[in-house]
Amino acid sequence: QVQLVESGGDLVQTGGSLRLSCAASGRIVRINTMGWYRQAPGKERELVADITSGGRPNYVDSVKGRFTISRDNAKNTVALQMNNLKPEDTALYYCYADVLSGVLRRNDYWGQGTQVTVSS
């Protein structure tokens, strides 16, 4: 089984920075896309950023210019550097990974979530 472990969530003031990290372990042949979703109370879960195995990043418009996603394929890790945080960034952030575990064994896996709270 594949497990994703997240860390880095915290309470910060508007304009502050946080760095989220996620490490995947278990039966992994290759991880295709890795990324971060977030969900605030009463709102739908949305994709924040993702990155391909080749290192091509993608961001939701609301975080462009503020967040940076990166990955280390050798370590099966992905990180999200979040700068100039705003109250609207407050949410539970989930790491995900599209994992190939073997022949006909491809699934999306999710972390447990890490809370980011930005005070005004």
Side-chain angles (χ1 to χ4, degrees):
Q1 190 66 33
V2 175
Q3 184 176 10
L4 274 56
V5 179
E6 301 151 313
S7 63
D10 208 346
L11 170 65
V12 299
Q13 295 188 135
T14 298
S17 297
L18 287 172
R19 185 177 179 86
L20 306 183
S21 297
C22 174
S25 62
R27 182 177 172 82
I28 300 172
V29 175
R30 184 180 68 242
I31 301 179
N32 298 313
T33 301
M34 302 184 76
W36 296 88
Y37 282 76
R38 66 186 180 188
Q39 187 165 28
K43 296 185 178 181
E44 295 182 349
R45 185 174 60 183
E46 68 170 348
L47 175 67
V48 180
D50 60 19
I51 184 168
T52 68
S53 61
R56 188 183 304 277
N58 178 61
Y59 303 94
V60 67
D61 286 344
S62 62
V63 308
K64 288 181 178 177
R66 300 189 296 123
F67 292 9
T68 302
I69 190 170
S70 60
R71 67 185 287 171
D72 186 330
N73 291 337
K75 297 181 179 179
N76 289 326
T77 60
V78 63
L80 185 68
Q81 178 66 45
M82 305 185 295
N83 297 326
N84 191 25
L85 284 161
K86 305 177 183 297
E88 50 263 43
D89 295 318
T90 296
L92 190 63
Y93 284 69
Y94 296 93
C95 176
Y96 90 93
D98 177 9
V99 178
L100 177 65
S101 298
V103 177
L104 301 179
R105 300 297 298 175
R106 179 178 177 178
N107 295 103
D108 288 341
Y109 290 90
W110 297 86
Q112 79 285 355
T114 185
Q115 179 67 41
V116 172
T117 303
V118 185
S119 62
S120 60

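Annotation for Ser53 and Ile31: closest pair CB-O, 3.7 Å, computed over non-hydrogen atoms. In this structure, Val78 and Ser70 approach most closely via the heavy-atom pair CG2-O, 3.1 Å. Considering every non-hydrogen atom in both Leu20 and Met82, the closest pair reads CG-CE, 3.7 Å. Scanning both residues, Val48 and Tyr93, for their nearest heavy atoms gives CG2-CE2, 4.1 Å. Closest non-hydrogen pair, Trp36 versus Ser21, comes out as CH2-O, 3.7 Å. Between Ala49 and Tyr59 the shortest heavy-atom distance is CB-CD2, 3.6 Å.
Leu92 and Trp110 fall within the same hydrophobic cluster, defined by Ile, Leu, Val, Met, Phe, Trp and Tyr side-chain heavy atoms under 4.5 Å apart, directly or through other members. By the rule that hydrophobic residues join a cluster once side-chain heavy atoms approach within less than 4.5 Å of another member, Tyr109 and Leu100 end up as members of separate clusters. Note on Leu80 and Val12: same hydrophobic cluster, where clusters join Ile, Leu, Val, Met, Phe, Trp and Tyr whose side-chain heavy atoms are under 4.5 Å apart, directly or indirectly.
Put simply, CD on Gln3 and CD on Gln112 are 8.0 Å apart, with the number rounded to the nearest 0.5 Å. The OH atom of Tyr37 lies 7.0 Å from the CG atom of Asp50; values are rounded to the nearest 0.5 Å. Interatomic distance, CG of Asn32 versus CD1 of Ile51, reported as 13.0 Å (0.5 Å rounding). Here CG of Asp98 is found 6.0 Å from OG1 of Thr33. Values are rounded to the nearest 0.5 Å. Note that CD1 of Ile69 is 12.0 Å distant from CD of Gln81, once rounded to the nearest 0.5 Å. In this structure, OG in Ser25 is found 10.5 Å from CD in Gln1, a value given to the nearest 0.5 Å.
A salt bridge links Lys64 to Asp61: one of the charged nitrogens lies within less than 4.0 Å of a carboxylate oxygen.
When the shell of 6.0 Å around CD of Gln13 is examined, it contains 12 or fewer heavy atoms from other residues, nucleotides or ligands.
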Handout entry: Audit row: Tyr96, Leu47, side-chain contact (heavy atoms from CB on, under 4.5 Å) steps and yes/no
Key = CA-CA 10 Å; Tyr96 90 93; Leu47 175 67; 4.1 Å; yes

Handout entry: Trace of the side-chain contact (heavy atoms from CB on, under 4.5 Å) decision for Phe67 with Leu85
Key = CA-CA 9 Å; Phe67 292 9; Leu85 284 161; 3.9 Å; yes

Practice task
Let me see the working for Arg38 and Asp89 under side-chain contact (heavy atoms from CB on, under 4.5 Å), right down to the final yes or no.
Solution key: CA-CA 9 Å; Arg38 66 186 180 188; Asp89 295 318; 3.0 Å; yes

Practice task
Determine, stepwise, if the pair Asn107 / Arg105 fulfils side-chain hydrogen bond (donor to acceptor under 3.5 Å, both in side chains).
Solution key: CA-CA 7 Å; Asn107 295 103; Arg105 300 297 298 175; 4.5 Å; no

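Looking at Thr14, its side chain does come within 3.5 Å of a backbone N or O of Ser119 through a donor-acceptor pair. The backbone N or O of Thr90 lies less than 3.5 Å from no partner atom in the side chain of Thr117, so there is not a single donor-acceptor pair. Glu6 places a side-chain N or O within donor-acceptor distance of the main-chain N or O of Gly113, the cut-off being under 3.5 Å.
Checked by atom type, the side-chain pair Arg56/Asn58 shows no donor-acceptor distance below 3.5 Å.
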